[in-house]
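Since the structure comes first, as C-alpha cells, the remarks are kept for the end.
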Amino acid sequence: MSASHKRTLVTSALPYANGPIHIGHIAGAYLPADLFVRYLRSRKRDVVWVCGSDEHGAAITLRARKEGTTPRAIVDRYHVEMQEAFAGLDIAFDHYDRTSSAEHHAFAQQFFLELLEKGAFTEETRQQFYDPVERQFLADRYIQGTCPKCGYESAYGDQCESCGTALSPDDLIGPTSTLSGATPERRDTTLWYLPMDRHEDWLREYLDKGIFQGADHHDPKAWKAHVLGQCRSWIEGGLQSRAMTRDLDWGVPVPVEGAEGKVLYVWLDAPLGYITATRHWAEKKGVDWKPYWMDPETQLVHFIGKDNIVFHCIIFPILLKEHGGYLLPHNVPANEFMNLEGDKISTSRNWAVWAKEYIEDFPGRSDEMRYVLASIMPEQKDAEFTWEDFQARVNNELADVLGNFVNRVFVLTGKFHGGKAPGASGRWTEVDRALLDLVASTPGAVGDAIERYRFRDALQHAMGLVRAGNKYLTEEEPWKVVKTDPERAADILHLALQVTANAAIVLSPFLPRTAQRLAMALGTSELPWDAAGSALVAEGQPLGDLPILFEKITDEQVAHQQAKLGPDQEGMRDVEAEKEQTTFDDFQAMDLRVAEVLAAEKVKGADKLLQLTVRTGYDERTVVSGIAEHFSPDDVVGRKVVLLANLAPRKIRGVVSQGMVLMASTEDGGLRFITPEEGVEAGDVIR
RNA sequence: GGCGAGGUAGCUCAGCUGGUUAGAGCGCAGGAUUCAUAAUCCUGAGGUCGAGAGUUCAAGUCUCUCUCUCGCUACCA
C-alpha cells in the first residue's frame, strides 16, 4: 500500500489526559505506529506521525473537582507525564501536540463553522434555562423546583423524584439552578446534530469496496476483519444523529453567538487535533502541511485501539467529507485489547504495567518491552501479557538467540582476525548461498509484513535471520575450520558479520537502541533499510567494543513486578468523586427499609435485569434490579435486603418497579448486597 | 436481547482467495557440540483445529444450529 503513495501521514489515538500510560495503550496504538513509522523512515519515505494529548471533556473537570484543582492543572500534569512515558519506550512521534492550545481551539472552531455553513449539521433551537450567575445553559437535571403535581419542593427538571412524574423544566414552580441557586432565565439555545443517517450509502461503498466519490480509494481486504465488522454492524443498525455540542465549560467553545457555556463534542474536537498537530509540525519544519491532509497521493493511517473504531471509521470520515478537501483514512489498523496476568487491565484497580514505572524499574531497557509487546501484539484478538512470558522472551529470544549470536560473531572475529572484519574469497558453498538468499529476502519479507500491519509476523521474519545465523555458525564451525583452511573460515565469518549487520537493520524498528549499538560497533552510525540484503561490513572494518546486549531477567524481578499489581495496601483507593453536599432533610426524605426477597426471575429481553418480588412486612411489591449479570434468581431468593421503599415507581422494560434494592459496587466491578445483621426483620426502618 | 470479533499443540499465537501427512516460538524428552551470555544446533513426543449438522471430489478455511470468551449497544432509579 505505502509503496503506491508518495507520502504517509500516520496518527495515533490522542491519549486522554486523565491518567498515566500503560502497556495496553502502548501495544494498542503507539508501538504499532512507531514500528510502521520507523520502517518508513528507514526507507527514506516521506512520513509524518502526529499525536497529542486529548485534554477536554467532562471526566477531566470531574477529576479536577475531586482533587480540588483546575482542569488546566490536570491536563498540564498529564501532558508532561505522558510524553515522558512515551519517550521512555522510544515512542518517537514527529510531533506531540495538545488539544487545549489556542491554535487548536481556533482551528476546531473554524472547522465547525465551515461545516455549519455547508449544512452538515441540523440545528434545533429551543428555549432552555440559563444560569445568569454561572453563565451557562442548564441541563434539565441541573434545575430544581416545586413539582406541580405533588408539591415536592426538590423536583428535578426531568422528573419528580417524589411522585415519579416526568417533567420538563417549564413545569417546575419556582425553578432554581442547582449550580448557583440563582433563578434561571429562559433563553433560546441551538443544538447542533450530525445527521449520520444521510451518509450511510457512501460509507458503505467506502468501507466495503474501498471506493470514495467514484474512485478507488483503498483495498478493503487490507483492513482488519474486526474493524470492518464493527463498522458494518453500526451502519446496518442505522446511524443515529449525534449531538456535536455539549453543555460544559471545559473544551472548545462553540463559536456561535448565544452558545455560551457550550463546547464542541470531544469527538469532533479530538480528531481535528490530528490536523492541528500536523500544522504545528509543518510550521516547526517550515513546510506546507496541506499536502499531508489534502493531496490524494498521501495515504492516511490511523492507529487506534478497538474502542475507537466507530469514531475513526465513521464519524470522523463523515466530518472530513462534509468539509471537503480532506483525505479520508486509507486504513485504520485498530488493535484489540491487551490483558494482563489473566485479567483485564484496569487503571482503578492498579492492574496495569505503567510505562513510567517500567522505565524506572528497568532503566535503559525499552527495547525489551518493545520486543515483547511486538511479539504478543493484539493484532486480531485480545492478547495476554504475563511477566513470566516477558522473562522467557527476553531471556530465550533476545539474550540467547540474538545477544548470544552477536557475541559469538564478535568474539570469533576478535580471536581469528584481530577484531577486523575479514574479506570474502567469493567462493560460496551451497550453504552460503542459501544464507545469502535469506539475507537478501528478509528485508522484503519484514517490510511487506509491516506494510500489512502484521508486526508479529514481521518480527518473526527478522528473528528468523538471526536464528539462521546461529545455525550457520554451529554447522560450519569456523573455530575448527580455521585450523585447516583459514580462508574458508574467513568466508564464514565474513558472512556471519553480514548477517549481523542485516539483522540490525531489519530489527531496527523493533529494537532501535540495540540496532544503534550494533551499528556503532560495526563502524557506522546509520543502517538504512534499502542497504539491507547485501554485504554491509567491508573488509578490514575494525569492530568496536560490544558489551552484553541483553541482561537476563531474574526470577526476583518477575516476582517483584507481579507483586506490584493490584491495589496499594496502604494507599487510598481511586474511587469516583464524592457527590455534592446534601442535607439531613434530603436524607430524611428517603424511606429505607429491610425487605425480604420472595421470588426472582429474569426480565425477558434484558441481560442485566432481575424482577424481584419483595416482602416489606406491610405489603408485597415488585422491584426491578439491574443485577442479573452478578446474581441468578436462585442466589437472591430468601435474602434480606435494603430497600429504598418510597422511590417513585418507574417502568423498566415494561415492568413497573416499586423501589430500589441497595447494592455496593466493588472495586472489581462486581456487586454485593447490603445485608442486614441477624435479627432484623422485613419492614424494619433504617435511619 | 441485537450486532461484531474470537475459541487451532502444555503456554503465547500463525494459518491470507477451501487442496498433498495442520505450522512457529516457548516449554518438555533424547542427542550433537563448545566459538559463545549453561549459550547454540539436530531429532522427537504432543492437536478428533469449541460441539453438532450441512455444501463439496476436497473444509481449520464456506453455510446453519448450539456453546464459551471479549467488545459495541439497549435495559441497569
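Just so we're on the same page: letters track the sequence lines, and every chain starts at 1.
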Options [options], nucleotide nearest the side-chain atoms of [X]:
X      : options             : answer
A:R456 : B:C13, B:G71, B:A5  : B:C13
A:D382 : B:G25, B:A74, B:C70 : B:C70
A:S657 : B:G71, B:A77, B:C75 : B:A77

Rounded interatomic separation in angstrom, taking [atom1] from [X] and [atom2] from [N]:
X      : N     : atom1 : atom2 : result
A:F390 : B:C11 : CZ    : P     : 23 Å
A:M463 : B:C13 : CE    : P     : 19 Å
A:E384 : B:C70 : CD    : P     : 12 Å
A:E388 : B:G25 : CD    : P     : 21 Å
A:D389 : B:C11 : CG    : C1'   : 8 Å
A:I314 : B:C72 : CD1   : P     : 15 Å
A:E336 : B:U12 : CD    : P     : 16 Å
A:H226 : B:G71 : NE2   : P     : 13 Å

(request) Please determine if A:R365 and A:D367 form a salt bridge, counting it only when a charged side-chain N lies under 4.0 Å from a carboxylate O. (result) no
Using the [atom1] atom as the point on both nucleotides, what is the distance between [M] and [N], in whole Å?
N     : M     : atom1 : answer
B:G27 : B:U63 : P     : 39 Å
B:U56 : B:U61 : C1'   : 13 Å
B:A5  : B:A45 : C1'   : 34 Å
B:C41 : B:G15 : C1'   : 27 Å
B:C66 : B:G30 : P     : 49 Å
B:U55 : B:C42 : P     : 45 Å
B:A24 : B:A38 : P     : 28 Å
B:G4  : B:C76 : C1'   : 23 Å

(request) Using a 4.0 Å cut-off on protein heavy atoms (strictly under), produce a 5'-to-3' string for nucleotides 32-39 of chain B with B for base contact, S for backbone-only sugar-phosphate contact, and - for none. (result) --SBBB-S
Could I get the full list of ring pair (Phe, Tyr, Trp, His ring centres under 6.0 Å) partners for [X], not counting sequence neighbours?
X      : answer
A:F673 : A:F631
A:H312 : A:W267, A:Y274, A:H302
A:H25  : A:H22
A:F416 : none

(request) Can you tell me which residue pairs pass the side-chain hydrogen bond (donor to acceptor under 3.5 Å, both in side chains) test with a partner in residues 393-402 of chain A, sequence neighbours excluded? (result) A:Y371-A:E397, A:D389-A:R393, A:D400-A:K552
(request) Count the heavy atoms of every other residue, nucleotide or ligand shown that sit under 6.0 Å from NZ of A:K209, and state whether that count exceeds 12. (result) no
(message) Given the structure, check if the side chain of A:R454 and the base of B:C16 hold any donor-acceptor pair shorter than 3.5 Å.
(response) no
(request) State which residues pass salt bridge (Lys or Arg N to Asp or Glu O under 4.0 Å) with A:R517; sequence neighbours excluded, sorted by chain then number. (result) none
(message) Among residues at least two apart in sequence or on other chains, which ones pass side-chain contact (heavy atoms from CB on, under 4.5 Å) with A:H417?
(response) A:T413, A:P422, A:A490, A:L493
(request) Within residues 369-381 of chain A, find the residues that approach RNA chain B with a heavy atom at under 4.0 Å, and present them sorted by residue number. (result) A:I376, A:Q380, A:K381
Any side-chain heavy-atom pair from [X] and [Y] closer than 4.5 angstrom?
X      : Y      : answer
A:L459 : A:L35  : no
A:L465 : A:V499 : yes
A:N502 : A:T442 : no

(message) Over 60° means perpendicular and under 30° means parallel, so tell me whether A:H218 and A:Y206 are parallel, tilted or perpendicular.
(response) perpendicular
(message) Over 60° means perpendicular and under 30° means parallel, so tell me whether A:F455 and A:F303 are parallel, tilted or perpendicular.
(response) tilted
(message) Counting the atoms with a prime plus P, OP1 and OP2 as sugar-phosphate, which does A:V482 contact under 4.0 Å by heavy atoms, base, sugar-phosphate, or nothing?
(response) nothing
(request) Remember a base hit wins even if backbone is also touched, and classify A:A628 as base, sugar-phosphate or nothing at under 4.0 Å, heavy atoms. (result) nothing
Do the side-chain N or O atoms of [X] get closer than 4.0 angstrom to the phosphate oxygens (OP1, OP2) of [N]?
X      : N     : answer
A:R467 : B:C26 : yes
A:K471 : B:C42 : yes
A:K344 : B:G71 : yes

(message) side-chain contact (heavy atoms from CB on, under 4.5 Å) for A:I345 and A:F385? Distances and angles first, verdict last.
(response) CA-CA 10 Å; A:I345 291 180; A:F385 179 98; over 6 Å; no
(request) Would you kindly compare A:R393 and A:D307 by the position of their nearest RNA chain B nucleotide and give the one closer to the 5′ end? (result) A:R393
(request) Return each pair, listed once, that meets salt bridge (charged side-chain N to carboxylate O under 4.0 Å, His left out) where at least one residue sits in residues 305-316 of chain A; pairs must be two or more places apart or across chains. (result) A:K306-A:E336, A:K306-A:D382
(request) Can you tell me which stems involve RNA chain B, if a stem is defined as three or more consecutive Watson-Crick or G-U wobble pairs, both distances under 3.5 Å? (result) B:1-7 with B:67-73, B:10-13 with B:23-26, B:28-32 with B:40-44, B:50-54 with B:62-66
Show me the protein contacts with nucleotides 28-31 of chain B, counting only N or O atoms at under 3.5 Å.
none

